[in-house]
Amino acid sequence: MRGRERWDVFCRVVDNYGDAAVAWRLARGLSRGHGKAVRLYLDDLTVLARLRPETDAAAASQEIDGVQVCRWDPAEGFVLPADGIADVTVETFGCDTPMPYVETMAATSPLPRWINLEYLSAEDWVEGSHGLPSPHPRFAPLTRHFFFPGFTSRTGGLLREPDLLARRDAFQADAAAQAAFWRALAGGAPPAGALKASLFGYAGAPFAALLDALARHAGPVWVVAPEGAASAALEAWRHGRPARGDFTALAVPFVDQDRYDELLWACDLNFVRGEDSFVRAQWAARPFAWHIYPTGDGAHWVKLAAFLARYTAGMDRGHAAALTAMWEGWNRGEAVGRAWPAFAAGLPVFAAHAEAWAARLAAQSELVSQLVGFAERLARPAPRGLE
Ligand code: TRH
């Protein structure tokens with residue numbers, strides 16, 4: 001590890017997969033794409049094991065894809081690594097870097113760089129907060145900087161592996177690869193011309209109403225739901241219903257994270273949620289509907305509206321309204337059946353839009369490169385944030 005710049009990434013799983021999913025992508029991108037020596041401290045390896053099945057959830061330390069993955073149990077106290085702290089420390093989503101580590105940072109000269117990777121939001125204020133410093137209340141001049149992902153050039157961008165879009169294009173142009181993918185996942189291929197949809201959402205989503213609408217859709221439909229809230233709802237919905245020849249609704253196993261991309265690429269319409277699958281659906285360049293992570297204070301409605309405003313800007317009013325009605329119905333748990341016909345009729349337009357949107361986002365530098373550049377700027381004498 002010596003010689004390479006050392007990065008430590010801290011992550012606590014609050015719930016579900018998104019925290020670990022984002023931290024893992026970041027750690028792998030730093031190692032693979034930028035040659036950094038990366039340790040990922042994660043408090044719940046069982047989550048990473050779902051995304052990367054080769055993970056040993058009981059191991060204190062293991063190497064996966066060039067990243068040193070270390071189990072970190074905040075309740076057990078933090079043991080400082082024998083070879084010291086890193087040159088750059090990233091905490092994800094305000095997860096609180098452990099105090100012994102912070103104390104060591106404060107006593108190190110020159111002061112190590114310390115960055116908090118924030119949640120993704122399309123809200124305007126993100127541009128003004130991206131890169132801001134926050135001196136530590138006890139250990140100033142030790143300073144933490146806030147790094148915000150986002151959709152505009154004045155934010156930190158989105159996670160995107162350098163070869164992602166080339167792999168997507170190759171897969172989407174390769175009928176045999178898609179057929180092999182479906183055979184492996186579902187034991188068979190969708191009928192020709194089927195509307196193929198993937199389902200991933202939180203337990204409150206109106207899955208049954210959506211499935212009712214899909215079952216009434218003209219033409220063949222092929223819906224798959226990886227194991228979770230969506231697959232449970234799908235099984236319950238299907239129970240006791242007669243099979244219909246050109247309508248297939250399948251509960252499939254939870255796939256590993258790289259294969260999940262292929263699922264999104266193989267479908268014509270993806271229902272996604274949270275943060276990471278939301279971004280991956282955009283890179284899939286296919287129409288999608290987002291189930292936003294609901295927060296108790298209702299802040300998610302503002303976040304949803306901010307994204308919808310960006311996403312539908314430039315779309316004609318009728319299609320923007322149809323897409324908005326579907327997304328809002330999907331998130332409010334109502335009116336999905338009413339919203340579906342106009343949304344379904346708009347799918348060809350949404351498909352062209354999704355391609356243009358992905359191409360526009362791809363013109364932005366991806367998040368890991370931006371983060372590395374940001375850390376380099378912080379290393380210069382008298383760093384002044386993002387100027
Ligand atoms: O799992 P999520 O709901 O994650 C979250 C958390 O709720 C977190 O607390 C919240 O803060 C954050 O979102 C915004 O949804 P997300 O972010 O989409 O992460 C899901 C990951 O799981 C993503 O990397 C895709 C992956 N996945 C698979 O690897 N295989 C699968 O079969 C499926 C359905 C998903």
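First listed ligand is number 1; within each ligand, the first listed atom is number 1. It should be emphasised that the depicted structure is a prediction, and the values quoted were computed from it without experimental measurement.
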Point to revise | Among Lys303, Arg280, Arg273, closest by any non-hydrogen atom to atom 2 (P) of ligand 1 | key: Arg273
Practice item. Kindly check if the number of other-residue, nucleotide or ligand heavy atoms within 6.0 Å of CZ (Arg167) is above 12? Key: yes
Point to revise | Atoms of ligand 1 close to Pro226 [distance to a heavy atom under 4.0 angstrom, numbered from 1] | key: 32 (O), 34 (C)
**Study point:** Val102 and Trp114: CA distance, side-chain angles, deciding distance, side-chain contact (heavy atoms from CB on, under 4.5 Å) verdict
**Key:** CA-CA 9 Å; Val102 175; Trp114 187 17; 4.0 Å; yes
Practice item. Record the part of Leu51 in heavy-atom contact with ligand 1 below 4.0 Å; permitted values are side chain, backbone, both and neither. Key: side chain
Practice item. Using a strict 4.0 Å cut-off to heavy atoms of Asp256, name the atoms of ligand 1 that fall inside it. Key: 29 (O)
Exercise for review: Could you verify whether a donor N or O on one side chain and an acceptor N or O on the other, from Asp15 and Tyr293, lie under 3.5 Å apart?
Suggested key: yes
Exercise for review: Run down the list Val14, Asp15, Asn16 and name the one with the heavy atom closest to atom 8 (C) of ligand 1.
Suggested key: Asp15
Check your understanding: At a non-hydrogen distance cut-off of under 4.0 Å, which region of Tyr17 contacts ligand 1 (side chain, backbone, both, or neither)?
Key -> both
Review point. If you measure every N/O of Ala21 against every N/O of ligand 1, is any gap under 3.5 Å?
Key: no
Practice item. Just go through Tyr202, Phe254, Tyr119 and tell me whose heavy atom is the nearest to atom 31 (C) of ligand 1. Key: Phe254
Review point. With a 4.0 Å heavy-atom cut-off (strictly under), which part of Ser277 contacts ligand 1: side chain, backbone, both or neither?
Key: both
Exercise for review: Can you spot which of Phe181, Phe171, Trp283 makes a side chain to side chain contact (heavy atoms under 4.5 Å, CB included) with Trp265?
Suggested key: Phe171
Check your understanding: Can you check whether Tyr311 and Trp357 have ring centres sitting under 6.0 Å from each other?
Key -> yes
Check your understanding: What are the two closest heavy atoms between Ser134 and Thr143, and how far apart are they?
Key -> N-CG2, 3.6 Å
Point to revise | N/O donor-acceptor pair under 3.5 Å between Arg286 side chain and Cys267 backbone | key: yes
Exercise for review: Give yes if a backbone or side-chain nitrogen or oxygen of Val255 is under 3.5 Å from a nitrogen or oxygen of ligand 1, and no if not.
Suggested key: yes
Point to revise | Residue portion contacting ligand 1 (non-hydrogen atoms closer than 4.0 Å) for Val272 | key: neither
Review point. Which residue and non-hydrogen atom of the protein lie closest to atom 14 (C) of ligand 1, and at what distance in Å?
Key: Glu275 CB, 3.5 Å
Point to revise | With Arg280, the side chain to side chain contact (heavy atoms under 4.5 Å, CB included) member among Leu158, Asn270, Leu164 | key: Leu164
Review point. In terms of hydrophobic clustering (I, L, V, M, F, W, Y; side-chain heavy atoms under 4.5 Å; direct or indirect links), are Leu45 and Leu51 co-clustered?
Key: yes
Review point. What protein heavy atom sits nearest atom 23 (C) of ligand 1, and how far away is it?
Key: Asp276 OD2, 3.3 Å
Revision key, fill the gap. Looking only at protein heavy atoms, what sits closest to atom 4 (O) of ligand 1 is Gly18 N, 2.8 Å
**Study point:** Residue that, paired with Phe374, satisfies ring-ring contact (aromatic ring centres under 6.0 Å, His included) out of Phe148, Phe147, Phe146
**Key:** Phe147
Check your understanding: Nearest protein heavy-atom contact for atom 25 (C) of ligand 1: which residue, which atom, what distance?
Key -> Tyr260 CD2, 3.6 Å
